[in-house]
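Just so you know, residue 1 is the first one in the sequence shown, and it goes up from there. Computed from a predicted structure; not experimentally measured.
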Amino acid sequence: MDKEKIKAGVRLILEGIGEDPGREGLVETPDRVARMYEELAAGYAGSPAEHLSKTFPAPRGDMVMEKEIRFYSLCEHHMLPFYGTVAVAYIPNGEVAGLSKIARVVEVYARRLQLQERLTAQVADAFMEALKPQGVMVLVEAEHMCMTMRGIKKPGTKTVTSAARGVFQEDPALREHFFQMLKWRGGVN
């Protein structure tokens, strides 16, 4: 990441909106923004395959689901945040990934300039490529600041996208089971 270019760009934006980049409260802003983008766009340096390379034997092919994975991303059209939750389910084909790795794959793709539709597909495809499961289903629900703080200005509006691969694409009953598991709020005794 070229932090100097980011800092120069931020100075230009400040000047463009009529601010003085040399003003006391703004002197360190270009550096702060450059460091922020280093964090918010860290996904370009990450590899989902790296997170899914360590697996464990799973003799049964029962559904594995991780839901309510919080994520934050930046819309590639306005560079404004969108954020929400992701659910990922897959039917193992003899191997499972560590549970934290599911969220790490989401994080790699979320920490890039993104479209929600692309994020959803990328997560599904990463699991299909790396784990070769029988199938995978991904559901993303997010609020986009480009819709809530500008433009149409409709706070609370959620966008929902899904991607089904393998047996989830072929079997409506399996998709229904996925959606039932999403709703389940039971506890562990």
Side-chain angles (χ1 to χ4, degrees), residues 1-10 12-14 17 29-53 64-90 97-131 133 135-165 168-169 178-179 181-183:
M1 192 162 303
D2 190 333
K3 286 172 60 174
E4 292 308 313
K5 281 187 179 179
I6 295 170
K7 289 194 264 188
V10 172
L12 287 173
I13 290 170
L14 290 171
I17 64 171
T29 297
D31 186 57
R32 284 188 196 103
V33 172
R35 284 181 288 145
M36 175 193 69
Y37 275 107
E38 206 169 34
E39 183 179 340
L40 297 182
Y44 290 110
S47 164
E50 164 195 333
H51 296 298
L52 295 173
S53 63
V64 175
M65 176 186 277
E66 192 161 315
K67 61 184 184 177
E68 298 181 27
I69 303 167
R70 286 229 161 261
F71 78 93
Y72 299 88
S73 192
L74 293 173
C75 159
E76 71 178 29
H77 296 140
H78 299 98
M79 293 179 67
L80 285 171
F82 69 97
Y83 55 91
T85 59
V86 177
V88 178
Y90 66 100
L99 294 177
S100 70
K101 305 308 183 194
I102 297 171
R104 289 183 192 280
V105 169
V106 171
E107 193 71 3
V108 165
Y109 288 121
R111 295 295 177 161
R112 300 175 179 187
L113 295 182
Q114 256 315 352
L115 294 175
Q116 182 174 329
E117 298 87 342
R118 183 187 314 125
L119 169 66
T120 307
Q122 286 174 324
V123 171
D125 292 341
F127 276 84
M128 288 301 287
E129 279 181 35
L131 295 181
V136 65
M137 181 97 182
V138 177
L139 185 92
V140 179
E141 182 176 304
E143 184 167 343
H144 293 250
M145 298 305 286
C146 58
M147 277 192 55
T148 63
M149 70 180 286
R150 59 153 304 280
I152 192 76
K153 296 181 185 118
K154 296 295 179 198
T157 303
K158 301 282 196 257
T159 300
V160 180
T161 52
S162 67
R165 304 287 188 266
F168 283 98
Q169 199 169 19
F178 170 86
F179 287 114
M181 286 179 68
L182 276 180
K183 294 178 193 174

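When all heavy atoms of Pro30 and Val10 are compared, the pair lying nearest together is CA-CG1, 3.8 Å. Nearest heavy atom pair, residue Gln169 against residue Ala164, reads CD-O, 3.7 Å. Heavy atoms only, all atoms of each residue included: Pro133 and Phe127 are closest at CD-O, 3.2 Å. Closest approach of Phe71 and Thr85 over heavy atoms only: CE2-N, 3.6 Å. Contact detail for Val136 and Ala124: the closest heavy-atom pair is CG1-O, 3.5 Å. Contact record, Pro155 with Thr148: CA-CG2, 3.6 Å, taken as the closest heavy-atom pair.
Panel note: side chain Tyr44, backbone Leu113; a donor-acceptor pair is recorded below 3.5 Å. Looking only at distances, a side-chain donor or acceptor of Gln116 sits under 3.5 Å from a matching main-chain atom of Thr159. For the pair Lys3 (side chain) and Ala34 (backbone), a donor-acceptor distance under 3.5 Å is absent. Listed for the Glu143 side chain is a donor-acceptor partner under 3.5 Å among the backbone atoms of Gly156. In this structure a side-chain-to-backbone donor-acceptor pair under 3.5 Å is present from Lys67 to Met181.
Between the CD atom of Glu141 and the CD atom of Glu68 there is a distance of 10.0 Å, given to the nearest 0.5 Å. Within the model, atoms CD of Glu107 and CD1 of Ile69 stand 10.0 Å from one another, a figure rounded to the nearest 0.5 Å. From Ile13, atom CD1 reaches atom OG1 of Thr29 across 11.5 Å, with rounding to the nearest 0.5 Å. Taken from CD1 in Ile102 to OH in Tyr90, the straight-line distance is 5.0 Å, to the nearest 0.5 Å. Summarising the geometry, atom CZ belonging to Phe82 is positioned 10.5 Å from atom NE2 belonging to His77; distances are rounded to the nearest 0.5 Å. The structure places CG of Leu80 at 11.5 Å from OG of Ser73, a figure rounded to the nearest 0.5 Å.
Counting heavy atoms from C-beta on, the side chains of Tyr109 and Pro48 come closer than 4.5 Å.
Sparse packing is recorded around CE of Met149, with 12 or fewer heavy atoms of other residues, nucleotides or ligands lying under 6.0 Å away. Residue-environment remark: CD1 (Ile17) exceeds the threshold of 12 foreign heavy atoms within 6.0 Å.
Remark: Glu4 engages Asp2, Lys7 in a side-chain contact (heavy atoms from CB on, under 4.5 Å) (not counting sequence neighbours).
Exactly one residue among Val140, Thr161, Thr120 makes a side chain to side chain contact (heavy atoms under 4.5 Å, CB included) with Val86. That residue is Val140. Of the listed residues (Met1, Glu38, Arg35), just one forms a side chain to side chain contact (heavy atoms under 4.5 Å, CB included) with Ile6, and that residue is Met1. Among Glu117, Arg112, Arg111, Arg118, the single residue meeting the side-chain hydrogen bond (donor to acceptor under 3.5 Å, both in side chains) criterion with Gln114 is Arg118.
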task = Please lay out, stage by stage, how Leu182 and Met65 fare under the test side chain to side chain contact (heavy atoms under 4.5 Å, CB included).
result = CA-CA 9 Å; Leu182 276 180; Met65 176 186 277; 4.2 Å; yes
